[in-house]
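Please read the structure below before turning to the comments.
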Amino acid sequence: MAGRRRLPRQYYQSEDVTGLARDLLGKYLVTEVDNRYCSGMIVETEAYRGPDDRACHAFNHRRTQRTEVLYAQGGVAYIYLCYGIHHLMNVVTAPRDTAHAILIRALQPENGMEVMADRRGMSANDVRLTKGPGALSQALGLTTNLSGVELFSSASPVWLEDRGVIIAEKDIYSSKRIGVAYAGEAAQWPWRYFLKDNKYVSVHRKSGL
DNA sequence: TGTCGGATCAGCT
DNA sequence: GCTGATCCGACAC
């Protein structure tokens, strides 16, 4: 395996949020929460582009206490509670005041599977360990109190790594985003990206294009 | 202060 | 494949 490299602040500053959402496939999400280390390879993402994206929490320049972190510079985590139960992990991208984000929807477990299994209350070989945005957040110990942490900071308990995995374009499928049917025209945008034939990809595993 | 609905998941069929 | 659980954030009043 190539040398592990925490992705630098600069990586997150691009305004091409769909390009970054594709580029995140094959990168690693790593956490060290409660002194427990675990990681997984990103296999599914969705791009959200405020303010013109009705599905984005920053649509139409909306700012609230919860979404304020979306307007920070790229490279911080935006974690929010969905359905009152699930914590969903997003990577904020683009320069300050441009509210773009990428939802991490699924991982292929790599390190600390026993830790993840313990947090999830299931066995370490269960395919559902990190399959889906709520599931992976629970597995890695990601909660809303980590919203706003700087992923590029050497001291942060959450970060992204490039471990040298190369993803071929032909192995990236795309589809409409999940669960945003309310979002009008934006609901049709093919801004969900996932690895072809990867068993950790969540619902609807066929290409929508 | 009250209402509404959601970027989901697990368990069961 | 279908359905109930569950509760906070946003906004209307």
Side-chain angles (χ1 to χ4, degrees), chain A residues 17-18 20-22 24-25 29 40 42-72 74 76-94 98-109 116-148 151 158 173-195 198-206 208:
Chain A
V17 68
T18 55
L20 268 184
R22 296 167 69 91
L24 283 180
L25 296 174
L29 176 60
I42 297 169
V43 299
E44 181 180 354
T45 61
E46 282 179 359
Y48 287 85
R49 189 179 69 189
D52 59 326
D53 176 1
R54 188 174 288 275
C56 182
H57 291 168
F59 174 64
N60 203 21
H61 302 283
R62 183 173 51 175
R63 292 183 96 118
T64 67
Q65 189 168 20
R66 179 179 69 154
T67 62
E68 189 60 32
V69 65
L70 279 171
Y71 294 86
V76 303
Y78 169 53
I79 305 175
Y80 74 96
L81 195 61
C82 183
Y83 292 100
I85 312 170
H86 307 291
H87 301 262
L88 270 57
M89 164 72 188
N90 296 255
V91 176
V92 174
T93 68
T98 300
H100 295 178
I102 298 164
L103 171 68
I104 308 299
R105 285 196 56 90
L107 302 177
Q108 176 176 301
M116 296 191 255
D118 181 45
R119 290 192 179 118
R120 295 274 289 137
M122 52 179 64
S123 68
N125 61 4
D126 195 311
V127 73
R128 298 172 302 172
L129 211 55
T130 52
K131 180 186 176 117
L136 75 87
S137 294
Q138 185 181 24
L140 271 67
L142 296 168
T143 58
T144 53
N145 61 22
L146 288 169
S147 193
L151 303 172
V158 187
Y173 279 11
S174 62
S175 78
K176 293 187 286 189
R177 293 172 294 180
I178 305 297
V180 299
Y182 62 88
E185 181 191 343
Q188 304 303 317
W189 297 348
W191 285 4
R192 172 177 178 245
Y193 305 98
F194 56 97
L195 292 187
N198 187 289
K199 68 178 178 179
Y200 293 98
V201 169
S202 67
V203 292
H204 311 149
R205 296 171 61 186
K206 290 188 295 188

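Letters A, B, ... are given to chains in the order of the sequence lines, protein chains preceding strands, and every chain is numbered from 1.
Aromatic rings from A:Tyr80 and A:His57 are positioned such that their centres are separated by under 6.0 Å.
Cation-pi contact between A:Arg177 and A:Tyr48: present, with separation from the ring centre below 6.0 Å and deviation from the ring axis of at most 45°.
Taking atom CG of residue A:Asn145 and atom P of nucleotide C:dC8, one finds them 14 Å apart after rounding to whole Å. Regarding A:Leu81, its CG atom lies at a distance of 10 Å from the C1' atom of C:dT6, rounded to whole Å. The CZ atom of A:Phe59 sits 12 Å away from the P atom of C:dC11 (whole-angstrom rounding).
A sub-4.0 Å separation between OP1 or OP2 of C:dG9 and a side-chain N or O of A:Thr64 is absent.
The CG atom of A:Leu88 lies 8.0 Å from the CG atom of A:Leu136; values are rounded to the nearest 0.5 Å.
Partners of A:Arg22 under the salt bridge (charged side-chain N to carboxylate O under 4.0 Å, His left out) rule, at least two apart in sequence or in another chain, are A:Glu169. Applying the ring-ring contact (aromatic ring centres under 6.0 Å, His included) rule to A:His87 yields no partners; only residues at least two apart in sequence or on another chain are considered. A:Arg63 pairs by the salt bridge (charged side-chain N to carboxylate O under 4.0 Å, His left out) definition with A:Glu68, A:Asp97, not counting sequence neighbours.
Residue pairs meeting the side chain to side chain donor-acceptor pair (under 3.5 Å) criterion with at least one member in residues 178-188 of chain A, sequence neighbours excluded, do not occur.
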Requested in this report: Summarise how protein sits on nucleotides 7-13 of chain B as a single string, 5' to 3': B when a protein heavy atom is under 4.0 Å from the base, S for sugar-phosphate-only contact, - for no contact.
Outcome: BBSSS--

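Paired regions of DNA chain C, where each region holds three or more successive Watson-Crick or G-U pairs whose two hydrogen-bonding distances fall under 3.5 Å, are B:1-6 with C:7-12, B:8-12 with C:1-5.
A:Ile102 pairs with exactly one of A:Leu20, A:Val92, A:Ile42 by the side-chain contact (heavy atoms from CB on, under 4.5 Å) rule, that one being A:Leu20.
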